[in-house]
Amino acid sequence: MEYLADIKGKIVESILSIYSKNYNITDLVFDRCKKEFVGDYTLVTFAFSKNVGESPELVGNKIGEFLLNNKWIHSYNVIKGFLNIQMTDEFWIKNVLYFQNTSITKILHYQSEPKNFLIEYCSPNTNKPLHLGHIRNVLLGWSMRNILKAKSYDVSTTQVINDRGIAICKSMWAWKQFANGATPQSTGIKGDHFVGDYYVMFENKFKEEYAQWQSTSQANDIYTNSKKESESSDDFFKRYKNDYFNKISEIGAQAREMLLQWEAQVPEVLELWKRMNAWVYEGFEVTHKKLNIHFNSCYYESQTYLLGKEIVQQGLDKQVFYREADGSVWVDLESKGLDKKILLRSDGTSVYITQDLGTAQQRHKELNKDHYIYVVADEQDYHFKVLFETLKLLEEPYANGLYHLAYGMVELPTGRMKSREGTVVDADDLIDEVESEAKLVAEERGEIVHLSDEEKSKVYHQIGMAALKYFMLKVQAKKRMIFDPKESVDMQGNTGPYIVNAYVRIKSIERRQAIESIDQYNEIIVEQEKELLKLIMEYPGIVDEAVKQYDPSGIANYCYSLAKEFHRFYHDCRILNAETEEQKKWRLTLCKIVSDYLNHGMQCLGIDMPDRM
RNA sequence: GGUCUCGUAGCUCAGCUGGAUAGAGCAUCUGCCUUCUAAGCAGAGGGUCUCAGGUUCGAAUCCUGACGGGAUCACCA
């Protein structure tokens with residue numbers, strides 16, 4: 001445990017000794033001292049003073065006086081209810097030695113109990129490539145995986161792939177119709193984009209058909225008979241689109257026919273389905289690799305979409321579900337502040353949630369985890385509330401370990417992304433863009449001209465990814481975010497590359513001078529050094545908070561603060577040309593610690609840093 | 001309309017288990033490269049923390065209400 005904990009202990013001890021009151025440090029406000037006051041740490045005594053019936057100043061002075069007995073407290077001052085204490089140089093030195101000699105893994109593992117997790121994230125459809133929304137999802141999911149791993153928890157990851165349904169049938173239909181046997185290989189198009197293109201082709205064809213139909217007398221009859229009062233034909237036909245697809249459309253009927261054939265396992269359809277999905281998976285694989293994210297397993301809806309009927313039966317047997325006269329099965333969650341929710345259609349077929357119930361149960365049977373985290377956009381908040389409450393009603397043993405990591409939707413400065421309007425930001429395009437921006441800046445600077453082409457492109461990729469990933473992860477997960485493509489490729493200021501730059505500066509120094517470990521220090525410690533150490537000491541708390549909140553943004557912001565503080569230190573203080581050999585070693589050690597913590601934090605975010613840039 | 005959620009500088013965001021004069025970045029303006037990578041540093045301007053009440057020594061932070069944005073309320077997934 002770092003030595004700040006000792007100071008906190010001393011404060012608790014002082015209160016016990018002076019006032020015979022037993023306090024927990026978490027009940028007291030003890031924080032870093034604000035820069036405009038003299039001191040390193042501050043204890044706020046207002047609330048406490050009230051409890052003991054003495055003025056805040058008196059309490060501050062008494063505790064301050066008591067603390068002076070400690071060799072790590074240099075001095076104190078009291079301003080109203082604020083007791084500011086200054087630490088001795090010995091305190092900082094002890095901490096440096098501790099951080100130098102103790103691995104971050106060990107520090108984070110302290111008092112951590114064994115737990116195991118399954119994180120479900122990404123969850124794509126196989127009819128189109130990954131987009132910006134998926135990027136936020138996978139970065140959050142993968143980052144949470146890294147953070148939990150950093151706490152030495154057992155974590156595995158999975159994704160549920162929606163590989164069946166009408167959407168992929170649309171792609172299949174269009175491919176049969178227009179492709180003439182073309183493949184990703186024959187056209188050189190990435191598999192997921194290739195299949196996505198046929199989905200778009202279907203949609204365009206359908207739009208065309210629908211538009212033509214709207215001028216027929218059949219359409220006119222339907223409009224006059226079923227329009228709402230004063231509804232324009234435009235509005236009506238927008239609303240009617242889905243019905244048209246299901247009831248009237250010719251190509252809609254053909255696509256639905258393919259779906260039926262798929263369910264009936266018609267070999268020819270099954271074959272095409274497998275073939276096209278395989279193309280998509282190849283494409284996804286490339287994107288995953290670029291983002292450097294991984295999955296320990298995959299669940300396919302084609303294999304799980306029939307699950308859940310059994311669990312519904314169990315619920316009926318336990319009388320926590322009920323059957324309506326028409327045969328549909330429901331759960332009543334009104335006592336939980338939710339509504340009644342259908343679990344099985346009157347014809348006995350599944351709905352969305354049926355499958356999720358079944359999947360949850362099956363997964364627990366197979367993996368037996370304590371915690372299951374679903375990384376899914378917050379538009380599904382209600383669905384997950386219902387799902388979790390239903391599983392609790394069923395008294396499933398894992399029901400209390402379920403967590404919906406909900407993140408806000410990603411919007412463009414122009415508003416929501418709409419595939420219909422072609423405003424969806426494609427994941428691969430975005431990755432290419434940040435990479436070429438990184439390349440542009442790097443070439444201007446010319447620091448890495450001597451590297452081989454292969455090494456160079458690796459650095460461009462790392463910097464581009466640092467920019468993109470940090471940009472996405474610095475925002476609190478639960479908040480919706482405005483994604484400005486222009487800002488995402490920024491490399492200055494509060495950005496990933498800024499943090500990478502701090503790290504690279506240290507690596508550059510390391511290349512000039514090997515860092516030896518130290519066991520003492522006898523010179524003055526400057527303010528910039530203390531500020532760095534204060535931040536280093538805060539890291540375990542930052543990680544714990546990220547785990548508690550299921551939110552990496554705190555770690556992202558921490559990395560920025562640490563990098564910022566380092567840049568200041570680097571500017572103000574000479575390291576290799578320090579005043580004495582001893583100071584140089586001390587500062588080198590400090591650099592080493594900072595680079596380790598920066599690297600650890602960035603690793604938690606899934607950001608891989610280069611040694612040069 | 002019901003439920004959930006958000007509202008902090010021109011823009012994008014921190015800060016939210018109540019604590020001192022509310023912080024960054026971008027953008028605008030001004031300085032600093034013969035010294036370890038200037039993707040950097042230092043400085044200036046920019047705020048009724050949406051509004052109104054309440055809780056108290058103290059509120060951006062907690063509570064209530066209003067206003068404004070978003071999500072959701074299918075025998076879709």
Side-chain angles (χ1 to χ4, degrees), chain A residues 26-27 29 31 33-34 36-37 42 44-47 49-50 56 79-82 84 125 162 165-167 242 301 305 324 326-330 337-339 342-353 355-356 377-383 385 406 408-409 411 413 416 438 441-442 444-448 463 466-467 471 474-476 478-484 486-487 490-502 504-513 545 553-554 556-557 560-561 563-564 566-568 570-578 584 587-588 591 612-613:
Chain A
T26 50
D27 297 332
V29 182
D31 263 317
C33 185
K34 290 204 142 198
E36 52 270 39
F37 298 94
T42 300
V44 183
T45 58
F46 284 108
S49 72
K50 213 172 154 189
I79 303 170
K80 292 187 286 182
F82 301 95
N84 302 316
N125 295 340
N162 183 10
I166 193 68
N242 216 25
E301 295 205 345
Y305 81 111
E324 283 286 351
D326 64 3
S328 56
V329 178
W330 297 71
L338 305 169
D339 300 304
I342 189 160
L343 302 175
L344 215 53
R345 293 195 188 98
S346 49
D347 65 5
T349 57
S350 309
V351 290
Y352 181 42
I353 197 166
Q355 189 185 144
D356 276 359
D378 65 3
E379 60 186 348
Q380 296 202 40
D381 279 351
Y382 186 75
H383 169 74
K385 276 184 193 167
M409 306 292 282
E411 283 175 34
R416 232 181 137 164
V441 178
E444 233 169 69
R445 283 165 44 92
E447 284 285 347
I448 58 167
I463 294 172
F471 185 77
K474 72 174 174 175
V475 180
Q476 265 183 56
K478 65 171 183 180
K479 289 203 178 179
R480 84 179 219 272
M481 70 179 278
I482 312 280
F483 182 93
D484 188 336
K486 285 203 297 285
E487 287 174 14
D490 274 353
M491 312 259 156
Q492 266 142 22
N494 187 355
T495 66
Y498 174 96
I499 299 165
V500 176
N501 186 223
V504 163
R505 282 178 148 183
I506 297 172
K507 289 293 149 186
S508 173
I509 290 171
E510 271 182 41
R511 280 194 294 273
R512 287 161 195 270
Q513 172 77 63
E545 199 56 24
S553 67
N557 287 302
Y560 174 66
S561 306
K564 191 174 166 60
F566 177 78
H567 280 306
R568 194 163 79 97
Y570 181 90
H571 178 267
D572 294 351
C573 307
R574 294 173 175 199
I575 299 161
L576 291 176
N577 299 319
K584 177 169 123 187
R587 288 187 174 166
L588 283 169
C591 283
R612 309 165 194 262
M613 68 194 290

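Letters A, B, ... are given to chains in the order of the sequence lines, protein chains preceding strands, and every chain is numbered from 1. Keep in mind that the numbers below use all heavy atoms, side chains included, and drop hydrogens, waters and symmetry copies. A quick note: this is a predicted structure, and the numbers were derived from the prediction, not measured.
Taking atom CD1 on A/Ile482 and atom C1' on B/G69, their separation rounds to 10 Å, with Å as the unit. Between the CD atom of A/Gln492 and the P atom of B/A24 there is a distance of 18 Å, rounded to whole Å. Between the C1' atom of B/U5 and the NZ atom of A/Lys385 lies a distance of 9 Å, rounded to the nearest Å. In this structure, the NE2 atom of A/His567 is 6 Å from the P atom of B/C41, given to the nearest Å. The distance between atom NZ of A/Lys478 and atom C1' of B/C16, rounded to the nearest whole Å, is 9 Å. The nearest whole Å value for the distance from the CZ atom in A/Phe471 to the P atom in B/C26 is 13 Å. Atoms CG (A/Asn501) and P (B/C36) sit 14 Å apart, rounded to a whole Å. In this structure, NZ of A/Lys564 is placed 11 Å from C1' of B/G40, rounded to the nearest angstrom.
Among the protein residues, A/Thr42 comes within range of the nucleic acid bases, having at least one heavy atom under 4.0 Å from a base atom. Across all strands shown, A/Ala167 has no heavy atoms under 4.0 Å from either base or sugar-phosphate atoms. Using a 4.0 Å heavy-atom distance criterion, A/Ala502 is classed as making no nucleic acid contact. Residue A/Glu301 is classed as a sugar-phosphate contact, given heavy-atom separations below 4.0 Å to backbone atoms only. A/Cys591 comes within contact range of no nucleotide atom at all, as no heavy-atom separation falls under 4.0 Å. Using a 4.0 Å heavy-atom criterion, one finds that A/Asp347 contacts no nucleic acid atom at all. If you check every strand for non-hydrogen atoms under 4.0 Å, A/Val475 touches sugar and phosphate atoms only.
Here the separation of B/C62 from B/G69, taken at their P atoms, is 23 Å to the nearest Å. Nucleotides B/U8 and B/C51 place their P atoms 10 Å apart, quoted to the nearest Å. B/U56 and B/U61 have their C1' atoms separated by 14 Å, with the value rounded to a whole Å. On the C1' atoms, B/C13 is 30 Å away from B/U55, given to the nearest whole Å. Comparing B/G7 with B/C49, their P atoms sit 14 Å apart, to the nearest whole Å. Between B/G10 and B/C33, the two P atoms lie 34 Å apart (nearest whole Å).
Looking at the side chain of A/Glu36, the nearest of the listed nucleotides B/G19, B/U21, B/A24 is B/U21. Ranking B/A71, B/C41, B/G19 by closeness to the A/Val44 side chain, first place goes to B/G19. Ranking B/A24, B/C26, B/A71 by closeness to the A/Asn494 side chain, first place goes to B/A24. With distances taken from any side-chain atom of A/Met481 to the nucleotides B/C13, B/C76, B/C36, the minimum falls on B/C13. When distances run from any side-chain atom of A/Ser508 to the nucleotides B/C36, B/C26, B/G19, the shortest one goes to B/C36. You'll find that the side chain of A/Asn577 is closest to B/U35, out of B/A24, B/U35, B/G19. Checked against B/G40, B/A20, B/U37, the side chain of A/Asn84 finds its nearest nucleotide in B/A20. Comparing B/U72, B/A42, B/U37 against the side chain of A/Arg568 picks out B/A42 as the nearest. Candidate nucleotides B/U37, B/G23, B/C76 were compared by shortest atom distance to the side chain of A/Val504, and B/U37 ranks first. Set against B/C36, B/C41, B/C57, the side chain of A/Tyr570 has B/C36 as its closest nucleotide.
Using Watson-Crick or G-U wobble geometry with both donor-acceptor distances under 3.5 Å, B/U55 finds no partner in any strand shown. In a base pair of the Watson-Crick type (N1 to N3 plus N6-O4 or O6-N4) or a G-U wobble (N1-O2 and O6-N3), with each distance short of 3.5 Å, B/U72 is matched with B/G2. Partner assigned to B/C29 is B/G43, using Watson-Crick or G-U wobble distances below 3.5 angstrom. Nucleotide B/G18 forms a pair with no other nucleotide shown, judged by Watson-Crick or G-U wobble geometry with both contacts under 3.5 Å. Searching all strands for a Watson-Crick or G-U wobble partner of B/A66 with both distances below 3.5 Å returns B/U50.
Map A/Ile463 and A/Arg416 each onto its nearest nucleotide of RNA chain B; the residue landing nearer the 5' end is A/Ile463. Remark on RNA chain B: of its neighbouring residues A/Asp339 and A/Val351, the 5'-side contact belongs to A/Asp339, judged by nearest-heavy-atom nucleotide.
For A/Thr45 (side chain) and A/Pro56 (main-chain N/O), a donor-acceptor pair under 3.5 Å exists by modelled atom type. A/Arg587 places a side-chain N or O within donor-acceptor distance of the main-chain N or O of A/Arg574, the cut-off being under 3.5 Å.
Taking a centre distance below 5.5 Å and an interplanar angle below 30 degrees as the stacking criterion, A/Phe46 stacks against the six-membered base ring of B/G19. Per the stacking criterion (ring centres < 5.5 Å, plane angle < 30°), A/Phe37 stacks onto the base of B/A20. The aromatic ring of A/Phe82 does not sit over the base of B/G19; the criterion of centres under 5.5 Å apart with planes under 30° is not met.
Contact annotation: side chain of A/Ser561 to base of B/A14, donor-acceptor pair absent below 3.5 Å. Put simply, the side chain of A/Arg574 and the base of B/U35 share a donor and an acceptor less than 3.5 Å apart.
In this structure, A/Gln513 and A/Leu576 approach most closely via the heavy-atom pair CB-CD2, 3.5 Å. Of all heavy-atom pairs between A/Pro497 and A/Met613, the closest is O-CE, 3.8 Å.
Taking 4.0 angstrom as the limit, A/Lys50 places a side-chain polar atom (N or O) nearer than this to OP1 or OP2 of B/C57. Proximity of A/Arg480 to the phosphate of B/G69: no side-chain N or O atom is located under 4.0 Å from OP1 or OP2. Phosphate proximity of B/G7 to A/Lys479: present, with a side-chain N or O under 4.0 Å from OP1 or OP2. Contact check, A/Arg587 against B/C36: no side-chain N or O comes under 4.0 Å of OP1 or OP2. Contact annotation: A/Arg511 side-chain N/O to B/C36 OP1/OP2 distance is not under 4.0 Å.
One finds a salt bridge joining A/Arg416 and A/Glu379 here, because a Lys/Arg side-chain nitrogen approaches an Asp/Glu carboxylate oxygen to under 4.0 Å. A salt bridge links A/Arg480 with A/Glu411: the closest approach of a Lys/Arg side-chain nitrogen to an acidic carboxylate oxygen falls below 4.0 angstrom.
Interatomic distance, A/Asn84 CG to A/Thr42 OG1, rounded to the nearest 0.5 Å: 4.0 Å. In this structure, A/Lys564 NZ and A/Ile499 CD1 are separated by 12.0 Å, a value rounded to the nearest 0.5 Å.
Around the CG atom of A/Asp339, the shell of radius 6.0 Å holds more than 12 heavy atoms that belong to other residues, nucleotides or ligands.
When side chains are defined from C-beta on, A/Tyr352 counts as touching A/His383, because their heavy atoms get closer than 4.5 Å.
In this structure, B/C33 is classed as syn because its glycosidic torsion stays within 90° of zero.
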